[in-house]
Amino acid sequence: MKATAVAPSNIAFVKYWGKINDELTLPANSSISMNLAQLHTTTTVDFSDDYAEDLVEIQFFNEPLERVQGSKKQRVVDQLNRLRKLANTHMRARVRSINNFPAESGIASSASAFAALTTAASAALQLKVNTRELSILTRLGGSGSATRSIENGYVEWKKSDKSSKSYAVQLAPHNHWDLTDVILIVSTQSKKTSSLEGHGAAASSPFYQARLAELPARLKIIRKAILDKNITTLGIELEKEAISLHVAAMTSVPAILYWESSTISAIKDLYSLRESGIEAYFTMDAGPNVHVICETKNAHLVSDHFKKKAYVQSLFISRAGEGAKIIPNHLF
Ligand code: DP6
């Protein structure tokens, strides 16, 4: 009872920030993202009566396979337990997960990791689930953003107060619009405040309700910009959204300041690039690194512009990609 799945990381165009139900990971707002084809996790899950306990191993680019313990392992075991319950089995599993990006890159691995884990484990247990159900099961694993990595391309994760109605839907397939994310890694220090704490603190910001109130209109604009392939409209809204999320984070209790001075430098340098006529726009998730979104025809100009900046520690480039999928006959 073994299966392998590959799942992409994703970058949020409209951010998930705050929950209405912690246990079920039900978000306070709907969110929209683009899957990142070049940044992914490949996970093999092997259930067998031969294993006395669950074994979880993770490998990052250029690093040895490492056995995971403690709370990191527990999150994986909790997700396996959820799926084992559905399959009515107690079989333990060996989980091996490989990321094609470095651990200290500042790229969050939980979205790709939980999407790949849930996809592989469900297939290994032969659970009969469709994409919608798979996105719900992934969501229950606790990494909300992973819910969106299940569907292809440009994806919306719907909010609802009912678990069965909060899932991922595709807005457009990855090849509908050739967008690229040029990711500027400006700091690789692990964040002091996790997204988990951030979601918990979100509602304490006096700006949070204002943020929630502006989101239905923003979601509409971004959905349409994707369908119309309108980079200007998407970009302007993307930047407003990133600022809105970070204002809410900076003004919550405790206050969460994800930005570094290099984050501001990158934004200012992006403004000058734009003045030269290149359409490229920034967004940041729960961290200091800057994602520059542009049409793929401009990706090289964008990366050349930033490559030489002293504050850029490394740079990753990814186009829009497919969602999680099973790799048949994968030997690992
Ligand atoms: C700001 O709870 O999904 O990136 O800690 O990576 O599991 P992990 O994050 P999650 O929160 C993501 C918050 C966000 C916005 C987003 O991706 O929608």
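Counting starts at 1 for both ligands and their atoms, in listed order.
Taking distance alone, with nitrogen or oxygen atoms compared against 3.5 Å, A146 stays at or beyond that limit from ligand 1. Polar contact with ligand 1: present for S145 (N/O pair, distance under 3.5 Å).
Evaluation of the side chain to side chain contact (heavy atoms under 4.5 Å, CB included) rule for N21 yields E23, L24, L26 as partners, not counting sequence neighbours. Partners of E275 under the salt bridge (Lys or Arg N to Asp or Glu O under 4.0 Å) rule, at least two apart in sequence or in another chain, do not exist in this structure.
Comparing heavy-atom distances from atom 6 (O) of ligand 1 across A12, G198, S110 singles out S110 as nearest. Among R75, R139, H199, K15, the residue whose heavy atom lies nearest to atom 2 (O) of ligand 1 is H199.
Close approach of ligand 1 to S143 is summarised as follows: ligand atoms under 4.0 Å from at least one heavy atom of the residue are 3 (O), 7 (O).
With respect to atom 13 (C) of ligand 1, the closest heavy atom belonging to the protein is Y16 O, 3.6 Å. Summary of contacts: the protein heavy atom closest to atom 1 (C) of ligand 1 is A286 N, 3.5 Å. Of all protein heavy atoms, the one closest to atom 5 (O) of ligand 1 is S195 OG, 3.2 Å.
No side-chain donor-acceptor contact under 3.5 Å links T180 and R319. Counting only N and O atoms by type, the side chains of Q79 and T118 include a donor and acceptor under 3.5 Å apart.
The residues R223 and E156 are annotated as salt-bridged, a charged nitrogen and a carboxylate oxygen being separated by less than 4.0 angstrom. Checked for salt-bridge contact, E322 and K325 meet the test: a charged N lies under 4.0 Å from a carboxylate O.
When non-hydrogen atoms are compared, ligand 1 lies under 4.0 Å from the side chain of R148 (C-beta onward) but not from its backbone.
Checked by atom type and distance alone, the side chain of N152 pairs as donor or acceptor with a backbone atom of G323 at under 3.5 Å.
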